[in-house]
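Accompanying notes for the structure given below.
The shown structure was predicted, so the numbers you read here are calculated from the model rather than taken from an experiment. Position 1 is the first residue of the sequence, and the numbers go up from there. Quick note: numbers below take in every heavy atom, side chains included, and nothing from hydrogens, waters or symmetry partners.
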Amino acid sequence: MPRSSSSPSEFPAAATTGAGQEALPGDAGARTSEAWRSAELRAENAYVGALYDRLEDQRALAAARLRETHLQDQGGTYQARMERDTLELHHTRRLSELHAAEYGLCFGRIENADGERRYIGRIALADEEHEPLLTDWRAPAAEPFYRATPAAPGAVAARRHLRSKGRTVVDFDDDAFGVSAPQGRAGAGLSGEGALLASLTAARTGRMGDIVATIQAEQDRVIRSELGGVLVVQGGPGTGKTVVALHRAAYLLYTHRDRLAKRGVLVIGPNTTFLRYIDQVLPALGESEVVLSSIGVLHPGVTATGPDTPGAAAVKGDARMVGVLAAALAGLRQLPEESWTITVGRRSSRQEELQVGRALCERAHAAAHRSGEPHNLARPELVERLTSELALRIARERGGELDLDAVADLADALVDEPDVQALADRLWPLLTPEQLLTALYGSAELLAAAMPDFTGAERAALLRERPAPEQAAPDRTAQSRTTRSRTAPEQAAGPWTVADVPLLDEAAELLGPLPGGAGADRAAAVAEARELEFAKLVLEDFGEGLVEIDAEMLARQYRGEQSLRPLAERAAEDRTWAYGHVIVDEAQELSPMDWRMLTRRCPGRSMTIVGDLAQTGAPAGLSSWGEALDEYTAGRWRTVELSVNYRTPAEIMRVTEGVLRTLDPELGAPVAVRGGGIPPWSLRIPEGDRGPALRSAVEKEIAALDGGRTAVIHAPTWPAGLVEELAGLDGVAVFDDPSALDSPVVLLTAGQSKGLEFDTVLVVEPAEILAAHNRGANDLYVALTRATKSLGVIHSGDLPELLAGLEPR
């Protein structure tokens, strides 16, 4: 193991102190004296202070180099501008990594039996001789810091967790290896127990923080799991699934940057509020090649804001909707009963009427199908078949000798005829995904034809009235009015819902893009080839370590086609972007159609799936992981389980046992590592005139709170008036409010609370949560396990029997 410093004069206190080496782990008396702790704190502060000095030197150097490249002549030569921008990107990324260290530069050290030490932190730092002063937490050399246990310490003789406030070390905890750990205690076997429990009991801030300083051994094994295949992380409430998944993203980008940085990592969360909740974790770990998204915003250009009934969401998530969309598209391709009449040559002296029979239309359809292209891209084949046959007929009717060149010219002229375009629109309309779904949802006849295997109630769940023109959403497509299909529906059928998004994505696959312009000419192609070769040379000379860009990307920037914007921006705007790795949180909520959309984003099937089947609340959610994964990754997915509950006190977890048995008698709750000291309670209010009584009860509970953040969790079936009654209380925000995460109290449903945590939780009317839909017990389990300190249940009717463990007030 490398020494902690090769320059004792630079780090005198840390390098020369012998306290840690003289008082070996078994010497309990020496390690508990006040004088010893004071001396150790001074030594650690001296070392960490010197690390910050080194950090400032490197940050100043990176900033100076960034300014130097930025201030270069903005005109310059083509070569100079390309070199400047490449260097600027490199220094910007390095500066971002150094800034991330401010979240807590150094948080621990390990020591072997010979007294050699290694300090662990957010980034790596070295001295002038390139000897390590600080080891990045993701490096293999840091693994023993997280994995060592009293039963299996490996080469680690001592481990220290440092607790800092700003740049000052204020306390530390030493793990005693070689000494028997206390038995029968909840926290036995925890790494850095003091630091961990301090973070667990701290007041919630409305934003998730990283756990880089307190990662536990079972979490570390998940974070450092191999990249290939699909890793399913099953874990109950409070086991740290989300934060482990985010640290895994940072670890994979560090360990496999050459494979992942160009394509990035996609992290899927349950909703946009959750994404705001976690958005500080990865920047604090120095990573930017990560796209945070939810299903509702994953299809570019569409943001899901509309509500869905449970029945409609279940139908939209059904895998059979793939066939429904194909059938709906086929239903929009018309054929004449016998024939249609068109007129050509209206703008010339040779106006002619033509009969277009069904047989010709069927041959045109067949030509489009034979192309094998998506719908929109196949239309030129249909048009070519139509115009070539019509041109040949016209030539024959005009008499004279057939001139094949003249027939070809006539066919080309027919393409621009208005009636021919209108005919093509009826036979094979150009469509956007929004137009296809709007046509399906707006027609009972089309729904019936496309969904023969669904019940009448299921079809009715999708039927929407088309909005009036003045209420319609603006057209999102780029094509002009003159090239858009004249027969395609123009109006969107109301605001899109989350369950619509994978259907829009599926429709985009089925339709393909709208036809574009011609490609570049030969001269332009030659110029592009030269630019590409030059870009390769620039990256060889100036782009060391910039694996997130390639020569083609650099060349496209200077053609004005693409800028060197952050990967997250470029990927989020590109529906066809293929990510290097995908992480899915609350994965049990995703429908089969959601999974189809996600697997398209990850053709390499390198994924981390995080969830808890006991918390499935979505109507089309999972009952087993095989439902989602066997179709796409059969034989390539593996499961690990997180078994320790760090968030929820033991008193609260005991209350959930009845709910868990209702879900599955074989299920076991994760083991809570701590008690909260506050027994969960229930409060019954009068059933009559429930609104004011409920408001008064919640208001009193909120007034009695001692800081922190509180959630009031209710059933999704609550009437709007009752929600408004509680939302009118001082300091209460509704879930959809942008300030929800920053408010002291937030009003939300169990489904909306997934992935979040609060100091105090008030569950209102649990019987209504149970009765809301067929997975109400799952929702109640989620609601009861969001608290880090205290839980209260307020009810007007009888308390459900499965909550018998609550203490009445």
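With sequence neighbours excluded, the residues satisfying ring pair (Phe, Tyr, Trp, His ring centres under 6.0 Å) with H369 are W428. The side-chain hydrogen bond (donor to acceptor under 3.5 Å, both in side chains) search around N271 returns none, not counting sequence neighbours.
The shortest distance between side-chain heavy atoms of R259 and L227 falls below 4.5 Å. In this structure the side chain of L354 never reaches within 4.5 angstrom of the side chain of T341, judged on heavy atoms. Residues V232 and M607 form no side-chain contact, since every pair of their non-hydrogen atoms from C-beta on lies 4.5 Å or further apart. L252 is not listed as a side-chain neighbour of R257, based on a closest heavy-atom distance of 4.5 Å or more. Side-chain contact between R636 and V230 is absent, with no heavy-atom pair separated by less than 4.5 Å. Using a 4.5 Å heavy-atom threshold, the side chains of P374 and L511 count as separate. Looking at heavy atoms from C-beta onward, Q588 lies in side-chain contact with W625 at the 4.5 angstrom threshold. At least one side-chain heavy atom of H581 sits under 4.5 Å from a side-chain heavy atom of S606.
A salt bridge is absent between K316 and E458; no separation between the charged side-chain nitrogens and carboxylate oxygens falls under 4.0 Å. Looking at E389 and R385, a side-chain N of the basic residue comes within less than 4.0 Å of a carboxylate O on the acidic one, giving a salt bridge. Using a 4.0 Å cut-off between charged nitrogen and carboxylate oxygen, R358 and E337 do not count as a salt-bridge pair. Ion pairing of R393 with E352 is absent here, as no side-chain N (NZ or NE/NH1/NH2) approaches a carboxylate O to less than 4.0 Å.
The two residues A378 and S371 have their closest heavy-atom pair at CB-OG, 3.4 Å. Across A507 and L325, no two heavy atoms sit closer than the pair N-CD1, 4.1 Å. The shortest non-hydrogen separation linking G311 to A461 is C-CB, 4.4 Å. T497 and A304 make their closest contact through C-CB, 3.4 Å (heavy atoms, listed as atom of the first residue, atom of the second, distance). Contact between A587 and W595 at its shortest, heavy atoms only, is O-CZ2, 3.6 Å. Of all the heavy atoms in R596 and Y632, the pair that sits closest is CG-OH, 2.8 Å.
Note that the OG1 atom of T303 and the CG atom of L298 stand 11.5 Å from one another [nearest 0.5 Å]. Note that the CG atom of L440 and the CG atom of L332 stand 8.5 Å from one another [nearest 0.5 Å]. Here the straight-line distance linking atom CD1 of I583 with atom CG of L231 works out to 9.5 Å at 0.5 Å rounding. Going from atom OG1 of T272 over to atom CD1 of I295 covers 13.0 Å, rounded to the nearest 0.5 Å. Summarising the geometry, atom CG belonging to D500 is positioned 4.0 Å from atom OH belonging to Y441; distances are rounded to the nearest 0.5 Å. Atom CG of D585 sits about 11.0 Å away from atom OG1 of T608, to the nearest 0.5 Å.
The backbone N or O of G512 sits less than 3.5 Å from a side-chain atom of N376, completing a donor-acceptor pair. Put simply, the side chain of R459 never gets that close to the backbone of A448: no donor and acceptor are under 3.5 Å apart. Panel note: side chain Q421, backbone E417; no donor-acceptor pair is recorded below 3.5 Å. No donor-acceptor pair closer than 3.5 Å links the side chain of D412 to the backbone N or O of D409.
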Could you walk me through whether L386 and E384 pass the side chain to side chain contact (heavy atoms under 4.5 Å, CB included) check?
CA-CA 5 Å; L386 278 177; E384 182 179 352; over 6 Å; no
Run the side chain to side chain contact (heavy atoms under 4.5 Å, CB included) check on L622 and E589 step by step: do they pass?
CA-CA 6 Å; L622 299 179; E589 301 300 309; over 6 Å; no
May I have the step-by-step check of side chain to side chain contact (heavy atoms under 4.5 Å, CB included) for D505 and R601, ending in yes or no?
CA-CA 11 Å; D505 204 71; R601 266 62 174 182; 2.6 Å; yes
For the pair W637 and D630, evaluate side chain to side chain donor-acceptor pair (under 3.5 Å) and give the outcome as yes or no after the intermediate values.
CA-CA 8 Å; W637 64 278; D630 283 343; 2.9 Å; yes
Intermediate values then yes/no, side chain to side chain contact (heavy atoms under 4.5 Å, CB included), E506 and M321
CA-CA 9 Å; E506 189 74 33; M321 289 301 293; over 6 Å; no
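Applying the 6.0 Å contact sphere to CD of E397 captures more than 12 heavy atoms from other residues, nucleotides or ligands.
In this structure, a donor-acceptor pair under 3.5 Å is present between the side chains of R333 and H375. Under the 3.5 Å distance criterion, with hydrogens and angles disregarded, a donor-acceptor pair is assigned to the side chains of S339 and Q355.
With respect to W340, the side-chain contact (heavy atoms from CB on, under 4.5 Å) criterion is satisfied by exactly one of L360, L335, L427: L427.
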